2 protein chains.
Amino acid sequence: MITVSIVEDDEDIRQSLAILINGTNGFVCSHHYGECASAIADIERHTPDVLLMDIGLPGMSGIEGIKIIKLRVPNIDIIVLTAHENDNYVFESLCAGACGYLIKDTTPARLLEAIKEIHGGGAPMSTQIARMVVSSFKRKTDSTLSPREMDVLNHLCVSHSYKMIAEKLFISEETVRRHIKSIYRKLEVHSKSEAVAKALRDRLV
Amino acid sequence: MITVSIVEDDEDIRQSLAILINGTNGFVCSHHYGECASAIADIERHTPDVLLMDIGLPGMSGIEGIKIIKLRVPNIDIIVLTAHENDNYVFESLCAGACGYLIKDTTPARLLEAIKEIHGGGAPMSTQIARMVVSSFKRKTDSTLSPREMDVLNHLCVSHSYKMIAEKLFISEETVRRHIKSIYRKLEVHSKSEAVAKALRDRLV
DNA sequence: CGAAAATTGACCCGTTTGGGGTATTGATAA
DNA sequence: TTATCAATACCCCAAACGGGTCAATTTTCG
């Protein structure tokens, strides 16, 4: 028996979901909430296996709600269930601790399957969402940087000093400096830390 | 009709996969290869919709193979099909450009479903793999850093100078310096760029 | 071949940073 | 209630960094 709670401001949707879950063998939903505050207040007394969470909520945002709930009940499995297919919502939800992300056109059968899946250690996502998530890993090959500059950038990212990079690459410190100047110009940054941040954030390395 | 090619060194597995695919309506596999080199040489002449790719290959590694193939045929959908559930293989594959990752105990039915899924814009993954991928987004809350130090670290990550951070936080530059010393000690780093790299890599920010 | 880009090297100068001390205040924990 | 820690602030000094300018050689590509 998998226990499920729901946070969803739309009364109708919330009731429908509860009815669906309670009407299916192996699932039960005893608690559901109209906004984050009440869910947070109640979650430690009535801790479900799986929490279905809307994002566009009145009051505290679903993202904030997820963070707080995961702090209090780290092992809870949270599926975001929302109309928003917006990139930022997806990544912010996952960063906050959600393990699943379904858009609201999900069929009842798929939703139940997703609940089973997340409870079994998976991470159910709508197909487009999964692709978005996986694509975010893809390395970019910034053609503006020359091969040698990429070498230097890689060393920058492990925080070597000019001197150390020079030794590693068997070139003079002045040449390292020169490459770094080009890198800064091309990446439009003005310091090592900015270059490192850009390289890591934009997945250049 | 979805066209599929295979790179897999084990002759038996390769043949079985081809037979499975060719024996199913809507799928066809005309080309399969024992190692990356021949796949790379042939891929532009015979470009499939979906490529099933082993990782543990003789000669060039599957990861390298994926990088090269994606450079030549950026739109090809690649599913890694391997025995390795190893974290590094998973993330390296996705960084290289794979969009799916299945472990070899996948059932034939699930494999065919995965091929349809990736061709339809999804990112099929075994359940444990999906969880691993999604979990990698989770923010860590490094309790060793004090709240104020987290503030400073956040500003460091957008590459502000000590002076700018001081202005933003309404404290003296010397206090910023002090916080940064503590951050360095706690994160065991010795420079801004190293702190930024650690913060971004370890998802502290 | 000839132009453009990549790679290498150098010097100057001012700013920023990193590591070392020291000290006060307030909150929090033992 | 004492002790510890967070947060605030200052000083000194050497090393590292960022920006400016100039120049030679090699590679690459049209």
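Every chain is numbered from 1, with letters handed out A, B, ... down the list of sequences. This structure is a prediction, so every number in the text was calculated from the model and none was measured.
Taking 4.0 angstrom as the limit, B:Thr175 places a side-chain polar atom (N or O) nearer than this to OP1 or OP2 of D:dA9. Listed pair A:Ser191 / D:dC17 fails the phosphate criterion, with no side-chain N or O lying under 4.0 Å from OP1 or OP2. For A:His179, no side-chain nitrogen or oxygen approaches OP1 or OP2 of C:dT7 to under 4.0 Å. Close to D:dG18, at under 4.0 Å from its OP1 or OP2, lies a side-chain N or O of A:Tyr184.
Axis orientation changes by 70° from one end of the helix from C:dC1-D:dG30 to C:dA30-D:dT1 to the other, with each end axis drawn from 5 pairs and the value rounded to 10°.
Ring planes of B:His160 and B:His155: tilted class, angle from 30 to 60°.
Across every non-hydrogen atom of B:Leu52 and B:Leu81, the tightest pair is CD1-CD2, 4.3 Å.
Checking C:dA10, D:dT8, C:dT8 against every side-chain atom of A:Ser172, the shortest atom distance belongs to C:dA10. Considering only the side chain of A:His190, D:dG19 comes nearest among C:dG19, D:dG19, D:dT8. In this structure, of C:dG21, D:dA7, D:dA9, it is C:dG21 that holds the atom nearest to the side chain of B:Lys181.
For residues 152-170 of chain B, proximity to DNA chain D is found at no residue, defined as any non-hydrogen atom under 4.0 angstrom from a strand atom.
To the nearest angstrom, P of C:dT15 lies 13 Å from CD of B:Glu173. Atom NZ of B:Lys192 and atom P of C:dG18 are 7 Å apart (whole Å). Distance CD1 (A:Ile171) to P (D:dT26): 17 Å, rounded to an integer number of Å. The interatomic distance linking B:Ile180 (CD1) with C:dT17 (C1') rounds to 9 Å, in whole Å. Nucleotide C:dC13 holds its P atom 14 Å from the CZ atom of A:Arg177, rounded to whole Å. Separating the CE atom of B:Met150 from the C1' atom of D:dA6 is a distance of 16 Å, rounded to the nearest angstrom. Atom P of nucleotide C:dT17 and atom CZ of B:Arg178 are separated by 16 Å, given to the nearest angstrom.
With respect to A:Glu8 and A:Lys104, a salt bridge is recorded, a charged nitrogen being found less than 4.0 Å from a carboxylate O.
Side-chain contact check for B:Phe137 versus B:Arg203: some heavy-atom pair is nearer than 4.5 Å. A:Val158 places none of its side-chain heavy atoms less than 4.5 Å from the side chain of B:Glu194. In this structure, B:Asp42 and B:Tyr33 have side chains that are in contact, with non-hydrogen atoms separated by less than 4.5 Å. Residues B:Ile21 and B:Val28 form no side-chain contact, since every pair of their non-hydrogen atoms from C-beta on lies 4.5 Å or further apart.
Considering A:His179, A:Arg178, A:Lys186 as possible partners of A:Glu149, the one that fulfils the side chain to side chain donor-acceptor pair (under 3.5 Å) test is A:Lys186.
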Please list, one pair per line, the donor and acceptor atoms closer than 3.5 Å that link side chains of residues 65-80 of chain A to other protein atoms, with sequence neighbours excluded.
{"residue": "A:Lys67", "atom": "NZ", "partner": "A:Glu64", "partner atom": "OE2", "Å": "3.2"}
{"residue": "A:Lys70", "atom": "NZ", "partner": "A:Pro74", "partner atom": "O", "Å": "2.9"}
{"residue": "A:Lys70", "atom": "NZ", "partner": "A:Ile76", "partner atom": "O", "Å": "2.9"}
{"residue": "A:Asp77", "atom": "OD1", "partner": "B:Arg131", "partner atom": "NH1", "Å": "3.4"}
{"residue": "A:Asp77", "atom": "OD1", "partner": "B:Arg131", "partner atom": "NH2", "Å": "3.3"}

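For the 3.5 Å distance criterion, the side chains of A:Glu44 and A:Thr47 fail to qualify, holding no donor opposite an acceptor.
Positionally, the nearest nucleotide of DNA chain D for B:Arg148 lies more toward the 5' end than for the other of B:Glu174 and B:Arg148.
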